[in-house]
Amino acid sequence: MSTDWELLRRTAREMTSRSYAPYSNFHVGAAALTSEGLIVTGANVENVSYGLTLCAECGLVSDLARQQAGKIVALVVVSGSGDYCSPCGRCRQLLVEHAAVDGIIETPSGPIPIRSLLPGHFDFNRLEGG
Ligand code: THU
């Protein structure tokens, strides 16, 4: 399955216009191709209780589950300017769990493995191992 990066970039950028970010005014959009060949998306949703804010990647992972879309194969996350938005720490943990083994994210220095975003991430084996 080949990745249409232009489509992912355009879709992620479009998603920034669906973002609800009246407090930071920093609009984030995310789009990914999945192992089921589907496109999943997300946008950040802020809250007046600031800490409750949902990042764009949260919405994307939720969309992935909702569509039963499999694993993330290729991912783009951008701010309103269209520039790369580096996923926050919490989102890195979310993304790693739902990424394909060889899933990649586009960065300014080229695509990198999603798994490399969070070395030593907490995973299921650790849960089992105690
Ligand atoms: N944000 C995301 O949507 N994803 C990230 O990985 C980093 C931060 C959002 C949260 C908040 O609405 C805004 O960017 C500013 O922090």
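Just follow the structure's listing: the first ligand is 1, and inside any ligand the first atom is 1.
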Quick check against the 3.5 Å criterion: does T34 have a side-chain atom that pairs as donor or acceptor with the backbone of L38? yes
Identify, for atom 15 (C) of ligand 1, the protein heavy atom at the shortest distance, and state residue, atom and that distance. S24 OG, 3.7 Å
Protein heavy atom under 4.0 Å of atom 4 (N) of ligand 1: yes
E57 heavy atoms, cut-off 4.0 Å: which ligand 1 atoms fall inside? 2 (C), 3 (O), 4 (N), 5 (C), 6 (O)
Quick look: S19 vs ligand 1, heavy-atom contacts under 4.0 Å, and the answer is neither
Return yes or no for this condition: an N or O of A56 is under 3.5 Å from an N or O of ligand 1. yes
Is T53 close to ligand 1, meaning an N/O of one under 3.5 Å from an N/O of the other? no
Using a distance-only test with no angle check, is there a side-chain donor-acceptor pair under 3.5 angstrom linking S49 and N47? no
Identity and separation of the nearest protein heavy atom to atom 9 (C) of ligand 1: N44 ND2, 3.6 Å
Quick one: does any side-chain atom of K71 pair with a main-chain N or O of D102 as donor and acceptor, under 3.5 Å? no
For the side chain of R92 and the backbone of L118, is there at least one donor-acceptor N/O pair under 3.5 Å apart? no
The reported gap from CD1 in I72 to OG in S35 (rounded to nearest 0.5 angstrom) is 9.5 Å
Atoms of ligand 1 close to F26 [distance to a heavy atom under 4.0 angstrom, numbered from 1]: 13 (C), 14 (O), 15 (C)
For R13 and G80, indicate whether the former's side chain and the latter's backbone hold a donor-acceptor pair under 3.5 Å. yes
Distance filter under 4.0 Å to S86 heavy atoms, resulting ligand 1 atoms: 6 (O)
Looking only at atom types and distance, does a side-chain atom of T16 sit under 3.5 Å from a main-chain N or O of G29, one as donor and one as acceptor? no
Provide the number and element of each atom of ligand 1 under 4.0 Å from a heavy atom of E46. 11 (C), 12 (O), 13 (C)
Heavy-atom distances under 4.0 Å are what count here, so tell me which part of A21 touches ligand 1: side chain, backbone, both or neither. neither
Between the CG atom in L54 and the CZ atom in R90, the distance rounded to the nearest 0.5 Å is 7.5 Å
